[in-house]
Amino acid sequence: MELHERFAAFIADKGITVNQLAKELNYDRPEKLYSILRQRNKPSYETLLDILTRYPELSAEWLIRGQGLMYINAPTTDVEVGLELTKNLPLRTDNGRTLVVTTDTKGKENMSLVPIPAQAGYSRQFSDPSFVEDLVKFTIPGFPIQGGRAFEVESDSMMPIIRHKDMVLCSYVDKWTNLAPGYPYVVVMENMIMVKRINAPILHAHDVVELHSDNSHYQVHRVRAEDIKEIWLVRGILTSQIPANNREVQDRLIEMVGFMTNNTEHLQLMTMEMLRMIRETQAVAKK
């Protein structure tokens with residue numbers, strides 16, 4: 001690994017963002033660190049000294065020269081596993097992938113909205129601080145995600161749960177080996193952004209990843225892991241498409257039952273949604 005890759009690996013291993021690291025080093029802004037990660041500048045002696053002073057457990061020999069272990073007195077077995085994962089997953093955060101976030105006046109990380117018109121640009125500039133800074137930022141009181149993304153959905157491939165023009169609220173996935181099978185994810189590629197289910201963890205850069213839709217009219221989409229830029233776990237949905245009356249609720253129930261007939265692997269999720277719809281119908285009927 002090059003120095004910038006070792007720097008990214010250390011940040012990922014600590015489980016912090018670049019913005020958080022800048023705060024730990026008492027820097028006003030994180031641009032100096034981003035420039036190192038994107039190989040625009042090499043770290044100065046002062047920057048290296050700041051990092052090694054703040055994290056005395058970090059090996060200077062490893063960070064600067066790439067020799068030895070990441071941490072002083074680190075167990076050999078743990079490092080061997082880490083090196084194996086880094087070699088097999090060159091696209092992971094700990095091998096150069098970084099997350100750009102913005103903060104409010106109190107230092108809390110914002111949720112950034114990526115609307116449909118901005119998604120083509122986001123696919124190419126997701127790691128550019130200036131691009132991310134220009135995105136609309138907001139917070140949701142009580143929502144347990146900081147530094148997340150909200151993506152506007154441009155497809156009906158995930159109907160009936162996620163609809164066209166809905167906004168999915170997401171948290172960043174840095175370790176693809178820990179993907180939860182069957183959950184919906186936002187997959188960012190160079191020329192598109194998709195909301196799909198991923199049914200297995202991604203273990204190697206040469207893996208072929210199957211992206212599944214909830215809508216049975218869509219076929220399985222297969223991509224190479226090395227072509228994926230970012231993965232975000234869908235944690236919530238913002239929608240304006242609320243059923244207006246009993247008839248619409250019933251129509252959606254019929255639609256869901258038909259969907260479940262052809263998609264038994266997602267039966268449990270659909271059943272939960274159907275039960276929610278039934279409760280809505282019962283509540284309306286009592287009024």
Side-chain angles (χ1 to χ4, degrees), residues 1-87 89-112 126-133 135 137 139 144-149 171-178 229-232:
M1 290 191 291
E2 300 294 331
L3 192 150
H4 72 280
E5 294 175 323
R6 294 192 293 275
F7 184 42
F10 170 70
I11 293 173
D13 190 75
K14 283 295 182 183
I16 60 176
T17 65
V18 178
N19 192 72
Q20 290 170 330
L21 177 59
K23 291 179 182 178
E24 292 286 338
L25 300 177
N26 294 318
Y27 295 166
D28 293 332
R29 300 179 65 84
E31 279 75 8
K32 180 190 300 186
L33 303 179
Y34 280 120
S35 68
I36 298 171
L37 291 168
R38 282 195 287 276
Q39 305 180 66
R40 292 177 180 172
N41 296 301
K42 292 185 177 180
S44 65
Y45 170 79
E46 289 76 12
T47 301
L48 290 172
L49 185 61
D50 288 342
I51 295 170
L52 294 170
T53 301
R54 175 61 184 82
Y55 298 97
E57 70 275 19
L58 177 62
S59 168
E61 190 76 4
W62 176 84
L63 179 63
I64 298 171
R65 301 178 59 186
Q67 297 183 5
L69 308 180
M70 179 185 295
Y71 296 111
I72 299 173
N73 299 325
T76 304
T77 53
D78 289 348
V79 174
E80 288 176 350
V81 172
L83 290 176
E84 181 65 18
L85 288 174
T86 299
K87 181 174 66 176
L89 288 172
L91 300 181
R92 278 178 47 190
T93 303
D94 58 354
N95 204 24
R97 183 179 301 280
T98 57
L99 174 62
V100 179
V101 298
T102 61
T103 60
D104 61 17
T105 55
K106 297 182 179 180
K108 292 184 178 181
E109 295 177 0
N110 297 307
M111 177 82 69
S112 299
F126 59 89
S127 61
D128 185 345
S130 60
F131 179 87
V132 175
E133 191 172 357
L135 295 173
K137 290 165 278 293
T139 58
I145 296 177
Q146 289 190 10
R149 295 280 190 274
S171 59
Y172 185 65
V173 179
D174 59 343
K175 295 184 178 180
W176 298 355
T177 54
N178 294 339
K229 306 301 181 183
E230 285 186 333
I231 297 179
W232 296 80

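Counting begins at 1 with the first residue of the sequence.
By the side-chain hydrogen bond (donor to acceptor under 3.5 Å, both in side chains) test, Arg29 pairs with Glu31, sequence neighbours left out. Every residue two or more places apart in sequence or in another chain that forms a side-chain contact (heavy atoms from CB on, under 4.5 Å) with Glu46 is listed here: Ser44. For Tyr55, the ring-ring contact (aromatic ring centres under 6.0 Å, His included) criterion is met by Phe10, not counting sequence neighbours. Qualifying side-chain hydrogen bond (donor to acceptor under 3.5 Å, both in side chains) partners for Gln67, counting only residues two or more places apart in sequence or in other chains: none.
Between atom OG of residue Ser35 and atom NE2 of residue His4 there is a gap of 12.0 Å, rounded to the nearest 0.5 Å. Atom OG of Ser112 and atom CZ of Phe126 lie 14.5 Å apart (nearest 0.5 Å). A distance of 8.0 Å separates OG of Ser171 from CH2 of Trp232, quoted to the nearest 0.5 Å. Distance check: Asn19 CG to Tyr34 OH gives 6.0 Å after rounding to the nearest 0.5 Å. Residue Leu69 holds its CG atom at 11.5 Å from CG of Leu58, rounded to the nearest 0.5 Å.
Looking only at side-chain heavy atoms (C-beta outward), Ile36 and Lys42 stay at 4.5 Å or farther from each other. The shortest distance between side-chain heavy atoms of Leu33 and Ile11 does not fall below 4.5 Å. Phe7 places a side-chain heavy atom less than 4.5 Å from the side chain of Ile51.
For Thr53 (side chain) and Asp50 (main-chain N/O), no donor-acceptor pair under 3.5 Å exists by modelled atom type. Of the possible donor and acceptor atoms, none in the side chain of Arg149 sits under 3.5 Å from a partner among the backbone N and O of Tyr172.
For the side chain to side chain contact (heavy atoms under 4.5 Å, CB included) test with Pro43, the passing option among Leu49, Leu48, Ile64 is Leu48; the others fail.
Residues Arg54 and Leu25 come closest through the heavy atom pair CB-CD2, 3.8 Å. Closest of all the heavy-atom pairs between Pro56 and Ile72 is O-CD1, 3.5 Å.
Within the structure, salt bridge (Lys or Arg N to Asp or Glu O under 4.0 Å) pairs that include any residue of residues 56-72 comprise Lys14-Glu57, Glu61-Arg65 (at least two apart or interchain). Residue pairs meeting the ring pair (Phe, Tyr, Trp, His ring centres under 6.0 Å) criterion with at least one member in residues 35-54, sequence neighbours excluded, do not occur.
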